[in-house]
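Order of appearance sets the numbers: ligands from 1, and atoms from 1 within every ligand.
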Amino acid sequence: MTPEATLGRFREYMVGPARFMTLLSCFELGIVDALREKPGMTAAELGAAVGAKPDAVEQLLFLLVKEGFVSHDEGSGAYALDALAGVPEGDLRRALTYMNMIKVVALRQLFYLTESVKTGSLVGLKELYGVSEGTLYGAVAEHKDLRESWATLMDNVTARIDPWFFGNIDIPAGTRVLDLAGNTGLGAIHTYQMKESPGLRVTTFDLPEKEKECLENFRAHGVDEHCSFIGGNVFDEIPKGFDTVLIKHFLDMFDKDDVFRILQGVNKSLEVGGQVNVMVPVYPENIQDTDNYNVDFFPAFFIGCTMAQGGPQKLSTYRAWLEECGFTVTKTITKDAAEIPQDVIPIPAILTATKTA
Ligand SMILES: C[S@@+](CC[C@H](N)C(=O)[O-])C[C@H]1O[C@@H](n2cnc3c(N)ncnc32)[C@H](O)[C@@H]1O
């Protein structure tokens with residue numbers, strides 16, 4: 001890359017946060033909804049409709065017009081949805097759920113990324129929420145805004161990707177399944193719904209504070225006879241008595257030493273022949289692959305906002321780590337980037353492995 005091109009890339013980064021908030025504000029203010037309801041409004045009409053000064057509305061809309069998201073008729077001053085009109089509502093909702101999570105859980109916290117890396121602690125959570133110990137996953141129990149934003153996104157991600165996960169793993173009839181770090185039970189509910197068989201039992205294992213909501217979810221989905229919850233910390237002990245352990249969206253939260261502690265703990269909890277199915281975002285083997293945005297997002301997100309450590313690895317790294325922890329990897333599959341909606345960041349892979357040692 002030439003020095004000029006390098007500087008050009010820097011400029012893209014510089015305008016990133018401002019672009020992000022300009023777009024999101026246009027949704028939050030209700031400008032996009034107002035234009036959907038009544039195309040052809042002027043800045044004055046939009047200002048009156050959303051309760052903001054027309055000059056500010058006009059300023060925000062310059063970017064959306066530049067992008068072609070919104071059109072502007074110079075003569076009449078009328079705005080209308082342009083490219084935005086063609087985006088299906090469900091897709092837009094998915095993208096906005098992600099953007100809301102980025103705003104609430106990431107944007108302010110990342111101001112402290114440098115300090116978080118230096119101290120190995122979540123300086124942003126401490127400065128903004130007074131959380132001096134633990135991770136985002138403890139903080140969501142106390143802070144409603146963090147919980148609502150993060151949990152809504154997490155459930156959306158899980159609901160979208162689980163059919164692919166369960167379509168690519170085998171859970172024989174009557175299996176006793178442990179969904180490790182299974183949050184409030186959605187993965188267990190999906191396991192039962194997508195892999196139902198006589199005698200299938202699914203247990204969610206997560207931090208104890210998830211129990212109440214998890215059991216409520218099981219009842220609400222009518223699976224409480226087949227699903228249960230065990231509260232605990234993966235670093236203390238992983239419950240025994242299971243044939244298959246699911247580890248979805250979890251290993252990427254930790255550095256290598258902790259991933260090894262988790263995998264060795266899972267290994268210890270299983271009998272020889274027991275299975276583990278891991279789903280995790282992966283970096284491409286060629287890190288310069290421009291189709292994969294995991295590297296753009298997850299290092300900063302995990303280190304600065306959620307865990308003060310962690311970040312995804314390449315599929316080959318996870319395979320090697322599983323083998324080093326006493327498993328034989330029997331199958332791997334990476335989601336084709338072309339099959340993932342264009343706004344979605346994580347590109348996951350599945351690794352299936354059997355305990356051999
Ligand atoms: C990114 S979420 C993944 C949730 C779920 N597996 C899914 O795919 O939807 C990570 C989960 O790990 C849980 N968690 C974090 N640290 C944990 C620990 N030390 N022991 C057990 N669970 C933990 C969090 O409470 C959270 O539910």
Cut-off 3.5 Å, no hydrogens considered: what does the side-chain donor-acceptor table look like for residues 167-175, sequence neighbours left out?
| unit_1 | atom_1 | unit_2 | atom_2 | d |
| --- | --- | --- | --- | --- |
| Asn168 | ND2 | Trp164 | O | 2.9 |
| Thr175 | OG1 | Pro172 | O | 2.4 |

By number and element, which atoms of ligand 1 are closer than 4.0 Å to a non-hydrogen atom of [X]?
X: Thr158; result: 7 (C), 8 (O), 9 (O)
X: Met253; result: 1 (C), 10 (C), 15 (C)
X: Asn183; result: 4 (C), 27 (O)
X: Gly232; result: 20 (N), 21 (C)

Contact with ligand 1 for Leu207, non-hydrogen, under 4.0 angstrom: yes
Met279 near ligand 1 by a heavy-atom separation under 4.0 Å: no
Before signing off on this row, confirm whether [X] and ligand 1 have an N or O atom pair separated by under 3.5 Å.
X: Tyr137; value: no
X: Ala181; value: yes
X: His249; value: yes

Basic-acidic side-chain contact under 4.0 Å: Lys212, Glu209: no
Ion pair Asp224/Arg219, N-O distance below 4.0 Å: no
Nearest-neighbour protein heavy atom for atom 19 (N) of ligand 1, which is reported as residue plus atom name and distance: Asn233 OD1, 3.0 Å
Audit row: Glu12, Arg19, salt bridge (Lys or Arg N to Asp or Glu O under 4.0 Å) steps and yes/no: CA-CA 10 Å; Glu12 290 298 316; Arg19 271 184 181 157; 3.1 Å; yes
List, one per line, each side-chain donor-acceptor pair under 3.5 Å for residues 26-35, sequence neighbours excluded.
| unit_1 | atom_1 | unit_2 | atom_2 | d |
| --- | --- | --- | --- | --- |
| Glu28 | OE1 | Lys103 | NZ | 3.0 |
| Glu28 | OE2 | Lys103 | NZ | 3.1 |

The one among Phe302, Phe235, Phe250 that brings a heavy atom closest to atom 14 (N) of ligand 1: Phe250
Closest to atom 22 (N) of ligand 1 among Leu136, Ile230, Asp206 (heavy-atom distance): Asp206
Test of ring centre spacing under 6.0 Å for Phe205 and Phe242: no
Mode of Val234 contact toward ligand 1 - side chain, backbone, both, neither (heavy atoms, under 4.0 Å): both
Proximity to ligand 1 by part of Trp150, non-hydrogen separation under 4.0 Å: side chain
Glu323 side chain to Val329 backbone, donor-acceptor under 3.5 Å: yes
Cation-aromatic face contact Lys248/Phe165, 6.0 Å, 45 degrees: yes
Neighbour count >12 (heavy atoms, 6.0 Å) for atom NZ, Lys314: yes
